[in-house]
Amino acid sequence: MDDRRRLVPGTDTVLADPRIAAETARLGAGLVKDTVRAVLQECRDGTVPLDGVVESVLAALPRWATKLRPVVNATGVIVHTNLGRAPLSTAAREAVAVAAGATDIELDLDSGRRGRRGASVLQALSRVVPAAESIHVVNNGAAALALAARTLAADGNIVVSRGEMVEIGDGFRIPELIESLGVDVRDVGTTNRVRLDDYAQAIDGNTGFVLKVHTSNFAVQGFTSAVDTSELASLPVPVVADIGSGLLQPHRQLPDEPDAASALVAGASVVTASGDKLLGGPQCGLLFGTNELIERLRRYPFARAVRVDKLTLAALEATVTGVTTPVQNALHRTRADLCARARHISQNLPTALGAEVADSQAAVGGGGAPGVTFESAAVALPADLAKPLRTASRPVMGYVAQNRLLIDLMAVDPADDQIIIDTICGLPANGRGAQA
Ligand SMILES: *Cc1c(COP(=O)(O)O)cnc(C)c1O
């Protein structure tokens, strides 16, 4: 054992190897050094052979300088919050790369003077939502709502239906978010019913606006009544509509999902939405509205604290001007196509796995179209493959139902079908796994 320890090379020797030095230049010294130390320890412990230390380090190094990895979303949830919500289109990914260096985000190259930040994305958005006199972009949907509340109702109150007091996820609640900004939240009506008069009676001289929140992650059924934006617009204060999911225009497949254009036409003074749900873009918050109110929001000091970055603006511009988004593509997939893909994948897997095509139900997820499901198809596998597939070098995330692992293809780009096949075939044959 001691002999072996003496033969183990020093950290600096390994770091000096040209192949390792190249990785240091690419990934950074800290990450590479940590990996070298870990491999050398395994070498001393005898779990890694003495010859080929460099090869072992190279194999252990991550491909990128982030521990984040691309994951195949086979959950059947199109906008999956834990998987980063909307995947970006190729056009949006390319736009991010373009904006990554120095870029004219706030410079008018013609005049050489300072320009309006993100002017081109604002133009692109206003072409899609002409009903918006003015548009502003912030970090996320919650920031958009917070900016509206802070600017338009500071030290006052807002009025909202009790049935729209939404918890958006991870324990965050819209009323608590607004109250944390020093704005009083007055809820009116009951869980299931509210009338225009309830709002009218709650409004006083300190009311900044009436808030209409889309109940984006639940649905109340039965004896219910709500007040439409068009009716709320008759009240003596502005209406702010938080539509959540970020549709810019009505969507044929999702008739109950609100959209920015319709909310403005119905009389909302300000509409807030997320960029990374049904819009299919990067995480951001969109504010559409009247010139007067949007300009007030834009100039309010708190606006600087939720300023959106250049990568996001670039991706957003490509999303609203460019090709259809992966979210759109997913919504358009038919069960017949998905079945054919599931059959193709199944036929290319080791027969010992007993893979078969199964019916599956997909959903929008991530705060959109609650209760709406789509007929989808999946590859059914033994449930104990869930963890090995999740932890593979190219993770595939499915879901377990009735003791089977379902690889739902609704949210999977067809180009990734081969990755699914390769990942499953590459699993170590641990008892029942795939034979190489
Ligand atoms: C998702 C959602 C939010 C929060 O938006 P983020 O972009 O996640 O900050 C707010 N309101 C509604 C109705 C939503 O659906």
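Excluded from the calculations below are hydrogen atoms, water molecules and symmetry mates; all remaining heavy atoms, backbone and side chain alike, are included. When a ligand or atom number is given, it counts from 1 through the structure's own listing order.
Of all atoms in ligand 1, listed by their number and element, those nearer than 4.0 Å to a heavy atom of Gly244 are 12 (C), 13 (C), 14 (C), 15 (O). Taking a cut-off of under 4.0 Å to the non-hydrogen atoms of Ala142, the atoms of ligand 1 that pass are 4 (C), 5 (O), 6 (P), 9 (O). Near His214, meaning under 4.0 Å from any of its heavy atoms, are these atoms of ligand 1: 13 (C). Within ligand 1, the atoms closer than 4.0 Å to a non-hydrogen atom of Gly141 are 5 (O), 6 (P), 7 (O), 9 (O), numbered from 1 in the order shown.
No donor-acceptor distance shorter than 3.5 angstrom exists from the side chain of Asp228 to the backbone of Leu232, with no hydrogens or angles considered. Between the Thr224 side chain and the Gln221 main chain, no donor and acceptor come within less than 3.5 Å of each other.
Using a 4.0 angstrom heavy-atom cutoff, Ile174 counts as in contact with ligand 1. Every heavy atom of Val166 sits 4.0 Å or more from the atoms of ligand 1.
When each of Val121, Val128, Leu125 is checked for a side chain to side chain contact (heavy atoms under 4.5 Å, CB included) with Ile135, only Leu125 meets the rule. The one candidate from Ile294, Leu293, Val271, Leu145 that meets the side chain to side chain contact (heavy atoms under 4.5 Å, CB included) condition with Leu287 is Ile294.
Regarding atom 5 (O) of ligand 1, its nearest protein heavy-atom neighbour is Ser274 OG, 2.9 Å. At the shortest separation from atom 2 (C) of ligand 1 among protein heavy atoms lies Lys277 NZ, 2.4 Å.
Distances from atom 11 (N) of ligand 1 to the heavy atoms of Leu177, Asp242, Val213 show the closest one on Asp242.
Both the sub-6.0 Å distance and the 45° axial angle are not jointly satisfied by Arg150 relative to the ring of Tyr300.
At a heavy-atom distance under 4.0 Å, no atom of Gln283 approaches ligand 1. Residue-level proximity to ligand 1 for Ser216 is carried by the side chain, the only part with a heavy atom below 4.0 angstrom. Heavy atoms of Lys212 found under 4.0 angstrom from ligand 1: none, in either backbone or side chain.
Minimum interatomic distance between Asn291 and Ser134 (heavy atoms only, all atoms of both residues): OD1-CB, 3.3 Å. Annotation for Pro370 and Ala219: closest pair CB-N, 4.5 Å, computed over non-hydrogen atoms. Contact record, Val138 with Ala144: CG2-N, 3.4 Å, taken as the closest heavy-atom pair.
A salt bridge is absent between Arg113 and Asp108; no separation between the charged side-chain nitrogens and carboxylate oxygens falls under 4.0 Å.
The shortest N/O to N/O separation between Ile168 and ligand 1 does not fall below 3.5 Å. Polar contact check, Asp276 against ligand 1: no nitrogen or oxygen pair lies under 3.5 Å apart.
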